[in-house]
Q: 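Have a look at this one before I ask anything.
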Amino acid sequence: MLDRQLHLLILFLFITTSLLAQLDDRLKLLESKLDKISMIDAPGLNDDIDITVSNSSLQSLLAGIGKAHKININVDPSIEQNVSINITTEKVKNVLLFICQKYNLDIQNTGAILSFVKYTKEIPQIKGKELKIEYNSVSNLITMDLSMDSLQQVAKKIAKLTNTNILISPLLRDKLVNGYIQNTNLEDALEKLAFSNDFEISKTSEKSFNIVTKQLASNPVTNNPNNYNNSSKTKPSNSDINLKISTGINGEKLYSIQTTNQSINSIIKELCNTSGISYMINSDLQGTTTLKVDNITLESLLNTLFTGTDYTYSKENEIYVFGDRKKEGLRITKVVQIEHRALTDVIAAIPKEITQNVQISPFVELNSIILCGSEPNIVEIENFIKAIDKPVPVVMIEVTIIDIVRSLDVKGGIKAGLGKVPSTTGGTLLPGVDVTLSSGLLNDFLKTIGLSNIGRVLPEFYVGLQALESNGFIDIQSTPKIATLNGHKASLNIGKTSYYVEQNQNVVGVQNPQTIVTNVYKSVNADFTIDIEPIVSGNEQVTLYVSVNQSDFTGRSTPGAPPDQTNRKFESMIRLKNEEMIVLGGLERNQKGETGSGLPGIARVPVLNWIFGQRQRTKEKSKLIILIKPTIYY
């Protein structure tokens, strides 16, 4: 008998060791497969993850992990079980290996696509082997000698021998058990068998037992969300966080929480565990906060908690995902259409403080902005864009420019001299006197007045008489129209260009030097420039910033010299009503000049200087008037 038991024990240890080795090899193969995929195709497998779910769908859990870490995960629809997992700061690939081991799953990959299926490999059974279970109905003691036997068949035989109802969870239908129990009552024997084979036994009546997994057997009250639906309760698990959950008028859950200098990570875990919420933390929630709110919804509480932090949340298939705003699964992409403004202007106007961690891309063809980032940041940017995306008024500015010039020029005097050839009498008498007298006419004039005895003038002698006066009046008007957007400057420029010669002399050579003269024509501009910047107020009044600059040529000091210039400039800020006109004037220029030539001394004597010399007086007066009329268009 002893030898038989020893052989069975050796066989049991051999088979157990083989199965453990096979299981270890399977996990090593899966680990090697995930390591290769994580190097290139799915780097998210190396991310750290915090995850706590209670009685949640395994399909939803795997889908949430895939979305949060950019991993292509496909789950076999036949996998329908619910799971409860609590893991802190572990790599994603290790979590997936744990799930495969815990729930008997296998991973098949096509490229970077991971497919989770049920592990179908069966552990070979010993053919022809009978279950060694004996039961004494008199003493109610049972003896079992099990080695890699089906739990389902074991329970079936025990039920027949003991006339007892034993129900097995579907999750354990393929489980194999080992153990040797001798002369033990049924309840103790089942408990020992369950303890050594990692499952639970619950007694429902005197003759009825349930065999279930440990996860299904463990059902803490704190994980049941219904415990907090009908009344306000406080969970005593963390004395630093005072959390209460009550029911509102419309049946919604309302949360009240008070905590001081508590970590965000602890608050989230306390909130989810107390509420029975399935959640996943895909990055460490660092930082502490002090919080006190009463009777608000869960979404309002989470938004308040994450305000001013780098973290946010999303909800997918009743699983809340918490983590960094930049993580996959916590960010969204949205296209915002710009209706009334220029795309580049709107992008430039968005404050940098609200664009952090948000990618902004212009889409010129649709005059739209593509925003990619966390939802709270995108909502803030979208609200700002809506606030400034309003119709921009166009201001049509009518400018009337009037330039009035008055001039007076008086010339007079007598000049005499000797020419190279005899001059002839000629010139004009009207409208002014400008006559040249010949020597013959002068000799006749002297003879007439009896002065011929003093002699005759030479044939080349001539006398010029001049008495001219000219008046000028010039009225120049121009009415240009310019339009611009509100707040943008409009400019008008009218000008003319004058040229002068600049002569350069260069000496080339030493023994036979040569002088090379070059003429360079250079330009000088005289412009009339007006700059107007309109600002439209809400009551359709227009504030105008006006700058006027006028320059003009006045003449040349010597032939070929650069022309002289005069400048007039003014700046003003005025306020007008829509379609109201204003006059800007007063830019006047007065110019007086007097030149003369004559005999020394006599040229300074009044009256005589007109007889024995020539005089010229000039007077010019110009006035610039500008009229401005703005008109607003939408």
Side-chain angles (χ1 to χ4, degrees), residues 1-27 78-81 100-106 117-218:
M1 182 66 179
L2 182 60
D3 291 340
R4 180 175 177 271
Q5 292 178 353
L6 182 60
H7 283 94
L8 290 174
L9 179 59
I10 294 173
L11 179 62
F12 167 72
L13 292 175
F14 174 74
I15 296 175
T16 303
T17 304
S18 299
L19 291 175
L20 291 175
Q22 291 178 12
L23 178 61
D24 186 57
D25 291 342
R26 186 172 79 89
L27 293 179
S78 63
I79 302 176
E80 299 177 348
Q81 64 207 80
C100 289
Q101 178 188 11
K102 192 73 174 176
Y103 300 102
N104 200 29
L105 301 179
D106 192 13
V117 297
K118 291 183 179 179
Y119 181 64
T120 56
K121 184 176 180 181
E122 297 182 356
I123 300 176
Q125 298 284 334
I126 300 177
K127 294 183 179 180
K129 179 183 177 183
E130 294 184 1
L131 295 176
K132 298 177 181 180
I133 302 175
E134 298 176 357
Y135 177 69
N136 190 333
S137 59
V138 178
S139 61
N140 292 328
L141 299 179
I142 190 170
T143 298
M144 294 183 287
D145 186 2
L146 306 175
S147 176
M148 304 304 295
D149 293 313
S150 168
L151 177 60
Q152 187 173 6
Q153 297 299 324
V154 170
K156 184 177 180 180
K157 186 167 185 178
I158 292 175
K160 287 182 178 180
L161 292 176
T162 62
N163 196 25
T164 304
N165 295 321
I166 300 178
L167 302 178
I168 301 179
S169 169
L171 299 177
L172 298 174
R173 62 186 178 182
D174 297 325
K175 187 173 181 62
L176 301 179
V177 293
N178 302 281
Y180 180 78
I181 300 172
Q182 185 175 5
N183 296 330
T184 306
N185 66 68
L186 179 60
E187 185 174 353
D188 290 342
L190 291 176
E191 288 182 354
K192 291 178 180 178
L193 185 65
F195 177 78
S196 62
N197 289 276
D198 196 29
F199 59 87
E200 291 284 349
I201 289 288
S202 62
K203 186 175 182 181
T204 58
S205 66
E206 186 66 26
K207 289 289 187 178
S208 181
F209 296 90
N210 287 340
I211 299 178
V212 295
T213 62
K214 285 186 176 182
Q215 288 78 8
L216 293 178
S218 176

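All values derive from a computational prediction rather than experimental measurement.
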Q: For Lys157, look at atom NZ and say whether over 12 heavy atoms of other residues, nucleotides or ligands are found less than 6.0 Å away.
A: yes
Q: Rounded at 0.5 Å granularity, tell me how far NZ in Lys192 sits from OH in Tyr180.
A: 12.0 Å
Q: Could you tell me which non-hydrogen atom of Gln152 sits nearest to which non-hydrogen atom of Ile168, and how far apart they are?
A: CA-CD1, 3.6 Å
Q: How long is the span from the CD atom in Glu187 to the CD atom in Glu191, to the nearest 0.5 Å?
A: 5.0 Å
Q: Which atom names give the shortest non-hydrogen contact between Tyr135 and Asn140, and what distance separates them?
A: OH-OD1, 2.7 Å
Q: Can you find a heavy atom in the side chain of Ile158 that is under 4.5 Å from one in the side chain of Met144?
A: yes
Q: I need the single residue from Leu176, Leu146, Val177, Leu151 that forms a side-chain contact (heavy atoms from CB on, under 4.5 Å) with Asn197. Which is it?
A: Val177
Q: What's the shortest heavy-atom distance between Ala189 and Thr184, and which atoms?
A: N-CG2, 3.7 Å
Q: Does atom CD of Gln81 have more than 12 heavy-atom neighbours from other groups under 6.0 Å away?
A: yes
Q: Are the side chains of Thr164 and Leu186 in contact, using a 4.5 Å heavy-atom criterion?
A: yes
Q: At their closest point, which heavy atom of Ile133 faces which heavy atom of Val154, and how far apart are they?
A: CD1-CG1, 4.0 Å
Q: Can you tell me how far CG of Asn183 sits from CD of Glu134, rounded to the nearest 0.5 angstrom?
A: 9.0 Å
Q: State, to 0.1 Å, how close Lys118 and Leu105 come at their nearest heavy-atom pair, and which atoms those are.
A: CA-CD2, 4.2 Å
Q: So Gln153 and Leu131, do their side chains get closer than 4.5 Å, heavy atoms only?
A: yes
Q: Kindly give the heavy-atom pair with the smallest separation between Met148 and Asn178, and that separation in Å.
A: N-OD1, 2.5 Å
Q: Between atom CG of Asn185 and atom OG of Ser139, what is the distance when rounded to the nearest 0.5 Å?
A: 10.0 Å
Q: Taking the side chain as everything from C-beta on, heavy atoms only, tell me whether Thr143 gets closer than 4.5 Å to Asn136.
A: no
Q: To the nearest 0.5 Å, how far apart are CD in Gln182 and CG in Asp145?
A: 9.5 Å
Q: Can you tell me how far CG of Leu141 sits from CG of Asp188, rounded to the nearest 0.5 angstrom?
A: 10.0 Å
